[in-house]
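Proteins get letters first, then strands, A, B, ... in listed order; numbering begins at 1 in each.
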Amino acid sequence: MKDCIDCAIRSRAVQTLTPEEFNIHRENCAELELEAGESIFKEGQLSSHIAYLKSGLAKIHKKGIKGTDQILKIVKPSHYIGLQTILLNKVHQYSSSVIEKSVVCYVDIHSFKDLITRNANFANELILHMCEDEMSYFNRFVNVHQKQINGRLADSILFFFDEIAHSNKFVIPLSRADIAALICSTRESVIRSLKDLIDMGAIKVQGKHFEVINKELLISISNKG
DNA sequence: GCATTAACCACAG
DNA sequence: CTGTGGTTAATGC
């Protein structure tokens, strides 16, 4: 069993804990390695644990009316998933799955609550985390509703380029249908829009392998909407 | 009206 | 699952 003591990417919240509190925390953690496509938790399940993504990538998705899930956000490492359920609900209101091989830490919800009441700095960091989360949702909301599909797609490609990848070439581990679910569109429109961006000379695409050719162009497409 | 945009559908690889 | 083409509905000029 892995131990929190060895964890190289402790969250900022956990870094505020005293040794005694840290011991409480590490006794209520379990680290799991998940393969691409495996679920972290599912909408409708009891929320006994929250998740902390240590490595890999995850998506947060929620069932819609039409059967297909809507992707609410892509989660990067060193971020929590499911914090809302701590105080809000006993049942998960959305699902989360990893989209590439990932390492996830499950933290018992009761010990987490306990630490919030014990340590104000810990709580503070969690609030900060949730504020950042909410701002990202605000921005996405405006973008998705005001931009046309090329702008939305450019946005998402720039997200993976700026925040996930650290080179011009990178993999977006999502199917075309998943990209559509992320930018509120359809598989067909994503394919057409990708072709547009390729024809404009902004990107190159081979399957899930993307290469940014002209970042300025992508940004201008994103800004123009 | 006419053009643009994007969803829906069917079908092929 | 991915890509293509045709059709269709909504919206803007």
Side-chain angles (χ1 to χ4, degrees), chain A residues 32-44 53 55-77 81 93-104 136-225:
Chain A
L32 248 55
E33 194 171 304
L34 300 179
E35 297 296 326
E38 287 193 297
S39 167
I40 296 174
F41 57 72
K42 288 202 175 101
E43 187 173 350
L53 189 64
S55 67
L57 274 180
K59 63 178 177 182
I60 287 175
H61 48 116
K62 189 167 168 63
K63 289 207 189 334
I65 325 162
K66 299 184 181 174
T68 49
D69 280 15
Q70 169 91 163
I71 298 181
L72 296 168
K73 119 179 263 173
I74 301 296
V75 182
K76 298 187 289 183
I81 304 169
Q93 302 295 302
Y94 55 83
S95 303
S96 183
S97 324
V98 303
I99 57 176
E100 62 180 39
K101 192 172 184 176
S102 302
V103 177
V104 175
S136 84
Y137 287 120
F138 283 2
N139 289 328
R140 248 176 69 71
F141 189 85
V142 172
N143 284 339
V144 157
H145 282 275
Q146 295 198 342
K147 289 179 184 174
Q148 324 194 140
I149 186 153
N150 283 3
R152 281 183 262 156
L153 186 60
D155 262 0
S156 289
I157 294 170
L158 284 168
F159 168 79
F160 278 95
F161 176 67
D162 287 331
E163 304 204 30
I164 315 278
H166 297 292
S167 111
N168 275 20
K169 293 184 177 181
F170 51 93
V171 170
I172 298 183
L174 295 171
S175 68
R176 301 287 126 114
D178 271 347
I179 295 176
L182 176 64
I183 65 175
C184 302
S185 180
T186 60
R187 184 179 60 87
E188 296 95 322
S189 294
V190 168
I191 290 167
R192 286 193 175 106
S193 180
L194 277 173
K195 205 159 72 176
D196 281 351
L197 297 184
I198 293 166
D199 289 345
M200 287 184 247
I203 55 169
K204 281 186 183 172
V205 180
Q206 282 181 323
K208 295 185 168 69
H209 291 79
F210 288 67
E211 182 180 353
V212 173
I213 305 292
N214 187 339
K215 189 182 179 185
E216 286 66 37
L217 181 56
L218 263 188
I219 292 172
S220 98
I221 293 167
S222 161
N223 288 337
K224 277 187 212 149

Point to revise | Nearest-angstrom distance from the residue atom CD1 of A:I183 to P of B:dT5 | key: 15 Å
Check your understanding: Within less than 4.0 Å of OP1 or OP2 of C:dC1, is there a side-chain N or O belonging to A:K208?
Key -> no
Exercise for review: Report, as a single string ordered 5' to 3', how protein heavy atoms within less than 4.0 Å touch nucleotides 7-13 of chain B: B base, S sugar-phosphate only, - not at all.
Suggested key: SBBB---
Review point. With no hydrogens and no angle check, is any side-chain donor or acceptor of A:R187 less than 3.5 Å from a backbone partner on A:R176?
Key: no
Review point. Should we count NZ of A:K62 as having more than 12 external heavy atoms under 6.0 Å?
Key: yes
Practice item. Taking A:K147 for its side chain and A:S222 for its backbone only, find out whether a donor-acceptor pair lies under 3.5 Å. Key: yes
Practice item. Begin with the C-alpha distance, continue with both residues' side-chain angles, and end with the deciding distance and a verdict on side chain to side chain contact (heavy atoms under 4.5 Å, CB included) for A:L182 and A:S156. Key: CA-CA 8 Å; A:L182 176 64; A:S156 289; 3.8 Å; yes
Exercise for review: Figure out the NE2/P separation between A:H209 and C:dT2, and round it to whole Å.
Suggested key: 14 Å
Check your understanding: If you count the non-hydrogen atoms of other residues, nucleotides and ligands that lie under 6.0 Å from CD in A:Q206, is the total more than 12?
Key -> no
Point to revise | Separation of atom NE2 in A:H145 from atom P in B:dT5, rounded to whole Å | key: 20 Å
Exercise for review: Return the value, rounded to whole Å, for the distance between atom NZ of A:K147 and atom P of B:dA6.
Suggested key: 13 Å
Check your understanding: Which whole-number value in Å describes the distance from A:I172 CD1 to C:dC1 P?
Key -> 17 Å
Check your understanding: Quick one: A:L194 CG to C:dT2 C1', roughly how many Å, whole number?
Key -> 11 Å
Revision key, fill the gap. When rounded to whole Å, the CG to P distance for the pair A:D196 and B:dT4 reads 13 Å
**Study point:** d(CD1, A:I198; C1', C:dT4) in whole Å
**Key:** 14 Å
Check your understanding: Do A:S39 side-chain atoms and A:S97 backbone N/O form a donor-acceptor pair below 3.5 Å?
Key -> no
